[in-house]
Each structure stands twice: as C-alpha cells, then as structure tokens.
Amino acid sequence: MGIVTGLVDRVVLVAAFVGGATVPSFVAQYRQRVGGALEQARKDLQPFRELADRMFNGDLRALIDHHWRSTDPVFRGESQAISQLVESVDRLTRASDALRGDLYHQLLYLVTAGDPRMLRATWDQFAPAVSFTPQSLLAGAAIGSLVWLVFVALMHLVLALTQRRLPPLKFSPSPPARAATPDRAYGRASRPARGIR
C-alpha cells in the first residue's frame, strides 16, 4: 500500500507541476484573443468616431443621442449598435490593460473578471506549451505545490476515515489439538471374555 500511494503521490506532483507550467501559455493566448477582439471592435467603431468628429466635435454620446431621438426606427436601432460598440471597446480596453501586469494579477483578473465566453473559446483552442522561462517555472512550482498539498491532505483524510470505519482484524490462535487416546481412538478396551482364565 505504501508503494502505491508513494507512486501516485509522485505522479500527481509531476502532473501538477507540468499543468501549472502551462498556465502562462493559456494566459498569453487569452491575452491575444482579447487584443484581436479589441482591434476588431475599434475598427467597427471607427466610422462612427469619424462621423462624431465631423458632426458633434468628437462626442460619441451626442451622436448616439441624436440617433436615439430620431423617428426613423433604423436610426434608433443604430444608436443601440453604436452604444454596444462603445461598451465593448471600453470593456476590452480595461481587460487589455489588466493583462499587462505580472502573472499573479493576470490570473487574479481571469478568475474574478474574465469573460466566460472568451475563456471557453480560448480553452477550446488551447495548445499547451511549457517554456523554460522563470515565469513558467515559478508558476509550475507554485501551482504544482498547491495541488500536491491538497491531494496529500485529501488522501490522508480518506485513509484516516477508512481506518476509523474498518476495525482492525484480530486473529486468535486456535487451541492445539489433543492427541487421541486409545480409548477415544478405538473405543473402550475389550474386556477379557468371561470364563477364560
């Protein structure tokens, strides 16, 4: 049992280290996806920025309000589209700025404010890669140690509960067999026949 648990322990530690070392690669691919989406959103918003520069001194909010007050339903719908583009550019800009810090703050942003759809899309196309950079090695060591410690704690908890529920087996030695006496082996000894002296 000790050999098996020791082997599983080592396998979990190595797997956790390798998995942790790929985390910077995932963050980098997510950051690239955010950058591509931000660039596309800016391109889509650029014509409306130019229109706002010409008609409303660069005020996009005034352009949106002008479209919204129009009686033409096409213009009213366009105001919602422009507003969504503005919100997308602002949101993606904040995400891009948050992903420029160190790895700890990038992971903190992904956990607390990462876009679920973009995270899922990044995971679906994720190509794991381990680079022997200090950042990757540090991430592998930190995440691997954390996962390994959790695994060891759970393993000891399970073993403790199992040993508590199953009472130890007790083996009592059987009493030694008694040697058979002639009386028990063959019955009572035959008496001499009467009349024979």
Open item on the list: Let me check something: do Y104 and I143 share a hydrophobic cluster, defined by ILVMFWY side-chain heavy atoms less than 4.5 Å apart, either directly or through other members?
Closed with: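 No; I143 is not reachable from Y104 via cluster members.
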Task: ILVMFWY network linking L107 to M118, side-chain heavy atoms under 4.5 angstrom - done: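 Yes, L107 and M118 fall within the same hydrophobic cluster.
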Task: Residues which pass side chain to side chain donor-acceptor pair (under 3.5 Å) with H66, listed by chain and number, not counting sequence neighbours - done: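 None.
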Open item on the list: D90: which residues meet the side chain to side chain donor-acceptor pair (under 3.5 Å) condition with it, sequence neighbours left out?
Closed with: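 Applying side chain to side chain donor-acceptor pair (under 3.5 Å) to D90 gives none.
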Task: Selection residues 27-37 - residue pairs positive for side-chain hydrogen bond (donor to acceptor under 3.5 Å, both in side chains), sequence neighbours left out - done: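 Listed by first then second residue: S25-Q29, R31-Q106, R33-T122, R33-Q125.
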Give a yes or no on whether [X] atom [atom1] has more than 12 heavy-atom contacts from other residues, nucleotides or ligands under 6.0 Å away.
X: N57; atom1: CG; answer: no
X: F126; atom1: CZ; answer: yes
X: R76; atom1: CZ; answer: yes

Do [X] and [Y] touch side chain to side chain, with heavy atoms closer than 4.5 Å?
X: E78; Y: D72; result: no
X: L161; Y: L157; result: yes
X: V150; Y: V147; result: no
X: D59; Y: L63; result: no

Open item on the list: If the threshold is 4.0 Å, N to carboxylate O, is there a salt bridge linking D97 and R100?
Closed with: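 Salt bridge flag = yes for R100 with D97.
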Task: Main-chain N/O of S79 paired with S83 side-chain donor or acceptor, under 3.5 Å - done: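 No: the side chain of S83 does not pair with the backbone of S79.
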